[in-house]
Amino acid sequence: MRPRSKSSRSSTTSAESAIDPREAAARFYGAGRYLDALKAASIAVRAQPRDAAAWHLGAGAALALGLTTDAEKFFNVTISLDPGCVQAHSNLGILNFRRGTLDAAARCFERALAIAPDDPGALSNLGAVLAALGRTDDGEVLLRRAAKLDPGNADAASNLGQTLIVKGLVDEALTELDRALALRPRFPEALVSRGQLAMEAGEHERAIELFDAAIAMQPDYAEAYQNRTLIARAERGAPWIARLEAAYARRARLRPQSVVALNFAMAKVREELGEYDAAFAAYAEGNRHRLALHPFDDAGEERLDAAVRTLASELIAADVAGAAPMEAAARVPIFVVGMPRSGTSLIEQVLASHPEITGAGELRLVSDLLTRIPAAVPAEAAERAVLLERLRALGSEYCGRVWAANPGHRFVVDKMPGNYRYVGLISLMLPQARFIHVRRDPLDTCFSCFATPFTTGHDYASDLDALARQYRRYERFMRHWSAVLPAGRVLEVRYEELVADLEGQARRMLDYVGVPWDESCLGFHRTARPVRTASLGQVRRPIYSGSIARWKRFERHLGPLLSLLEPTPAAADPPLAAVG
């Protein structure tokens, strides 16, 4: 999803054009000769320091050359001279988007829209940025408005298509992306988005064709390489790897997000070719850049986790129904929880292959709903009773929204791994819910997190020390729920045992859920359903053990994990909240 920039064009008389450096800058810019355009614009602003159009031409040329510091200076001077220049505000937003400073980019586009509320380009750009910030509903509204105002705007159609992908509206996304490509057949971003849909549907050959087409048009397109590595194993001497290596050598001039994507793509290729030290170096560089873009608040995470554990434990103690057996219900959500990269996608795919169960993917709904309740424990019993009723109401809302999107099944899998934090509260919201906790070797889990280019969230994964501490928090949560919830409330499944005995573990899970055995669960890799996680390549393959003990290839680099993931006695944990 990439906002698009526009340049201002100036016009003078033919007599002036022969000697006017601003006109020369405009002509060079129009011809794609950006360095010449920047030189001419620099001459123009020295001659006429208050010529806003010349400053803006220089800004556009510097932006096209990747000279972000120079571009920012030129844009700021343009705006100081001409505060009503919509294009300057929008293009400064583009600059911030490329830097990864999305909040600043949003502010720039908002200023542009304050001047020109119906500017389709600014609407499309702000919509794209809001979607990238996770505000997909707000982004969708702006993108639909941009598409309506300018039906021929390929950027708005492409950005809308990408936003609809995030929201899971696949058919509408296909329509918008196909419209974007009809308007602009040579459109790398739309080709990659279309390839993502093909990839998620298991159409890997088609996806590779689309990614390769985008790379042919834009050889430094980092995200195209990264997507390609998810579904195509590296083969020494392959032409696309040579193109990736050339792009990687030029990465210093790319925007930070693209540097992250190129590093993870290169790391995966090096790992598959057996070049483990080079692979780790690329993983580490990618994570350094990602951490700079998305710093992790370790102390804030600890405070939140402690508050959730205490609140849930006090409410479970106050709720006599909390000790009751799981309810029989017409709508039964199955929460698959655990650390990311622990095997949650595989388990969802196995379960969703059963005719009575459907998979909803990674839903953010639980965490969104729980923002409506106070974090503090109510002091009075009556207040706790009101809060318990509020949680049940949120549970009803959860079911209404999830089953509206997944009708026709009694059982729906919500495989948001991070819901491990909320198991206690979910058990109060939804007494009929089932919980499957996936546990995998801690070093394999943590290294796989470090080697995964998460697009949103999981900021701890970019630092080995923070990653080890986060794993400890997860372990603490799961021990805590085991202590305060009734026995048998949560089923633990070990990834390694699932790989070794798929049928035995699948039968065990189905017995716990309450559905009869079905052989289709053994053919999970043939189940046709969209998969939108980093494991989408793996769940299309039969069960395999190649990811077990992966961390050993990188052991020499994993000091923080090796030291921090040694077994910790339960007595070393902070005391659990008291329960009655």
Side-chain angles (χ1 to χ4, degrees), residues 1-5 29 32-39 41-42 58-76 91-102 104-105 129 132 188-189 192 211 214-229 234 238-271 273 275-295 450-455 459 461-464 557:
M1 188 175 297
R2 296 186 178 185
R4 290 279 176 169
S5 60
Y29 190 95
R33 295 169 58 182
Y34 300 120
L35 183 58
D36 289 332
L38 179 58
K39 290 177 180 177
S42 298
L63 184 61
L65 291 166
L67 304 173
T68 55
T69 301
D70 292 330
E72 183 176 31
K73 172 188 172 183
F74 274 75
F75 280 132
N76 283 332
N91 288 341
L92 186 56
I94 301 297
L95 184 152
N96 280 294
F97 181 85
R98 292 180 182 175
R99 281 179 169 170
T101 50
L102 300 185
V129 170
E189 289 87 353
V192 167
F211 297 144
I215 290 167
M217 295 174 194
Q218 191 172 317
D220 289 350
Y221 197 172
E223 290 76 8
Y225 292 108
Q226 181 178 298
N227 278 297
R228 200 187 196 288
T229 63
W240 73 273
I241 293 179
R243 290 193 290 271
L244 169 60
E245 289 171 338
Y248 190 69
R250 298 188 293 266
R251 67 191 182 280
R253 64 186 182 87
L254 301 178
R255 64 191 182 112
Q257 297 98 321
S258 295
V259 175
V260 172
L262 274 180
N263 269 292
F264 278 98
M266 180 58 74
K268 190 166 188 294
V269 166
R270 293 295 177 224
E271 182 178 357
L273 294 177
E275 301 170 10
Y276 300 125
D277 288 343
F280 188 85
Y283 282 131
E285 182 182 328
N287 276 301
R288 284 195 299 273
H289 285 282
R290 185 174 182 271
L291 190 61
L293 290 170
H294 305 286
F450 187 73
T452 297
F454 295 110
T455 53
D459 297 333
S462 294
D463 178 82
L464 292 177
H557 303 289

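Computed from a predicted model, the values in this text were never measured in an experiment. Keep in mind that the numbers below use all heavy atoms, side chains included, and drop hydrogens, waters and symmetry copies.
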Legend entry - Sequence-distant partners of Arg251, salt bridge (Lys or Arg N to Asp or Glu O under 4.0 Å), two or more places apart: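 With neighbours one apart ignored, the set is Glu285.
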
Legend entry - Those residues that, when tested against Glu245, pass salt bridge (Lys or Arg N to Asp or Glu O under 4.0 Å) (two or more places apart):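 Expected list: Arg270.
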
[X] versus [Y]: any side-chain heavy-atom pair under 4.5 Å?
{"X": "Thr68", "Y": "Glu72", "result": "no"}
{"X": "Arg228", "Y": "Glu223", "result": "no"}
{"X": "Phe454", "Y": "Asp459", "result": "no"}
{"X": "Phe97", "Y": "Val129", "result": "yes"}
{"X": "Leu102", "Y": "Asn96", "result": "no"}
{"X": "Leu35", "Y": "Lys39", "result": "yes"}
{"X": "Met217", "Y": "Pro188", "result": "yes"}

Taking side-chain contact (heavy atoms from CB on, under 4.5 Å) as the test, write out the residues that go with [X], two or more places apart.
{"X": "Ser462", "answer": "Asn287, Arg290, Leu291"}
{"X": "Ala247", "answer": "Asp220, Tyr225, Arg250, Leu262"}
{"X": "Ala62", "answer": "Leu38, Leu67, Asp70, Ala71"}

Would you give the length of the straight line joining atom [atom1] of [X] to atom [atom2] of [Y], rounded to the nearest 0.5 angstrom?
{"X": "Leu95", "Y": "Phe75", "atom1": "CG", "atom2": "CZ", "value": "6.5 Å"}
{"X": "Met266", "Y": "Glu275", "atom1": "CE", "atom2": "CD", "value": "9.5 Å"}
{"X": "Glu271", "Y": "Thr229", "atom1": "CD", "atom2": "OG1", "value": "11.0 Å"}

Legend entry - Side-chain H-bond candidate by donor/acceptor type, Asn263 with Tyr248, under 3.5 Å: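 The criterion, which ignores hydrogens and geometry beyond distance, is satisfied for Tyr248 and Asn263.
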
Inset, instruction - Return yes if a side-chain donor-acceptor contact under 3.5 Å exists between Glu189 and Tyr221, otherwise no. - result: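 There is no such pair (donor and acceptor under 3.5 Å, judged by atom type) between the side chains of Glu189 and Tyr221.
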
Looking only at non-hydrogen atoms, find the nearest pair between [X] and [Y] and report the distance.
{"X": "Gly60", "Y": "Tyr29", "value": "C-CE1, 3.4 Å"}
{"X": "Arg33", "Y": "Asp36", "value": "NH2-OD2, 2.9 Å"}
{"X": "Arg255", "Y": "Arg98", "value": "CB-O, 2.7 Å"}

Inset, instruction - Dump the intermediate steps for side-chain contact (heavy atoms from CB on, under 4.5 Å) on Phe74 and Thr69, then the final yes or no. - result: CA-CA 9 Å; Phe74 274 75; Thr69 301; over 6 Å; no

Inset, instruction - On the 0 to 90° scale, with breaks at 30° and 60°, tag the His557-Phe280 ring pair as parallel, tilted or perpendicular. - result: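 Rings of His557 and Phe280: parallel, as their planes differ by under 30°.
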
Inset, instruction - Walk me through it: do Val192 and Phe211 pass the test side-chain contact (heavy atoms from CB on, under 4.5 Å)? - result: CA-CA 6 Å; Val192 167; Phe211 297 144; 4.1 Å; yes

Legend entry - For Phe264, ring pair (Phe, Tyr, Trp, His ring centres under 6.0 Å) partners two or more places apart: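 Result, ring pair (Phe, Tyr, Trp, His ring centres under 6.0 Å) vs Phe264: none returned.
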
